[in-house]
Amino acid sequence: MELKTTVYQKKNNSNIVKLLKESLNDMYSSRFLAKQLAIRDIKAQYRQSYLGIVWAFITPLTTALVWVILSKSGTVKLTDTGVPYPVYVFSGTLLWSILTDSINAPMANTNAARGILSKINFPKEALILSGVYKLISNSFVKIALLLFFLAIYGVGFHASLLFFPFAFLGIVFFGTTIGLFITPLGMLYNDIGKIISMGLGFLMYATPVVYAIPKAGLLRILMELNPLAPLLITTRSLLMGQALEYQVDYLVTIACCIPLFFIGLVFYRISIPIIVERMSA
């Protein structure tokens, strides 16, 4: 009896369109797996924590408190924000924390799965989707607290609040896109994660997070060139019912992210198996 012969050949990764289609199909088919991974990680995140979900917003809250004290004491003189400053600074630090979490989520999730990546064959795109699920889940608590702040300070709720979820998802989409490119490098070199954290800490002060864009000067030019600024300003303006001054910049930023997201998916799909093979060698 003649035995069946199977020949294994190296997979051709030169067809970018095919790789993108496979990546999107795997992301769609791994929805349930991503959901289960997210539920497992969320439970583990707060299982041995006394404060539990409080840690989701304690960092932006303490950062906002520092700036409120500096402003009230006259130590730092800030331009008018159009809304009560505690609401302005807390909304800014909270949205900034969501943005930084979305940038770090792909790398954090993929690094956390190092142990199973080399042992179990599953769609790696599930890790990206799982990170998005966890981020959105944790953000619900932050946004609920922010809405509570709006009510306390009498900012009120406006019709523009209906568009806030779409702007919020735009921030998550932007951060995830950036995260796709830094994840492979972050898995190879631990320094990448530290550089990203340090860079985001510096970039926060070149973005209207805790103070409004100045009317003139070098800082105004830097903020207007910063692609993160329209994301933050537009989302916060929708939340508070303020005039939209940078909606065109926001839409341009999101439009540029769409092709970059697809390129990032292909880059992630090609690089992760190579890195996993290198780690298990």
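Just so we're clear, the structure is a prediction, and the values are computed from it rather than from any experiment. Values below: every heavy atom of this structure, side chains too, minus hydrogens, waters and symmetry copies.
- Sparse packing is recorded around CZ of F163, with 12 or fewer heavy atoms of other residues, nucleotides or ligands lying under 6.0 Å away.
- Under a 4.0 Å N-O distance rule, the pair K124/D26 does not qualify as a salt bridge.
- Qualifying side chain to side chain donor-acceptor pair (under 3.5 Å) partners for K134, counting only residues two or more places apart in sequence or in other chains: D41, N109.
- The aromatic rings of F267 and F181 lie parallel to each other, with less than 30° between the two planes, well short of the 60° mark.
- Scanning for side chain to side chain donor-acceptor pair (under 3.5 Å) contacts around T93 gives an empty result, with sequence neighbours left out.
- A donor-acceptor contact shorter than 3.5 Å links the side chain of S102 to the backbone of L99.
- The neighbour count for F140 CZ, taken as heavy atoms of other residues, nucleotides or ligands under 6.0 Å away, does not exceed 12.
- Among pairs with a residue in residues 166-182, none fulfils salt bridge (charged side-chain N to carboxylate O under 4.0 Å, His left out), at least two apart in sequence or across chains.
- The aromatic rings of Y85 and Y88 sit parallel to each other, their planes meeting at less than 30°, with 60° as the upper class boundary.
- In this structure, Q242 CD and R236 CZ are separated by 8.0 Å, a value rounded to the nearest 0.5 Å.
- Heavy-atom minimum distance, Y246 versus T234: O-OG1, 3.5 Å.
- R31 meets the side chain to side chain donor-acceptor pair (under 3.5 Å) test with no other residue; sequence neighbours excluded.
- The side chain to side chain contact (heavy atoms under 4.5 Å, CB included) check on I221 picks up L225, with sequence neighbours excluded.
- When side chains are defined from C-beta on, I233 does not count as touching Y250, because their heavy atoms never get closer than 4.5 Å.
- Annotation for L129 and M27: closest pair CD2-O, 3.6 Å, computed over non-hydrogen atoms.
- T235 contributes no side-chain N or O that, together with a main-chain N or O of L232, makes up a donor-acceptor pair within less than 3.5 Å.
- Inspection of the E125 and S23 side chains reveals an N or O donor paired with an N or O acceptor under 3.5 Å.
- The side chain to side chain donor-acceptor pair (under 3.5 Å) test applied to D249 returns no partner, not counting sequence neighbours.
- Heavy-atom minimum distance, F90 versus L146: CD2-CD1, 3.7 Å.
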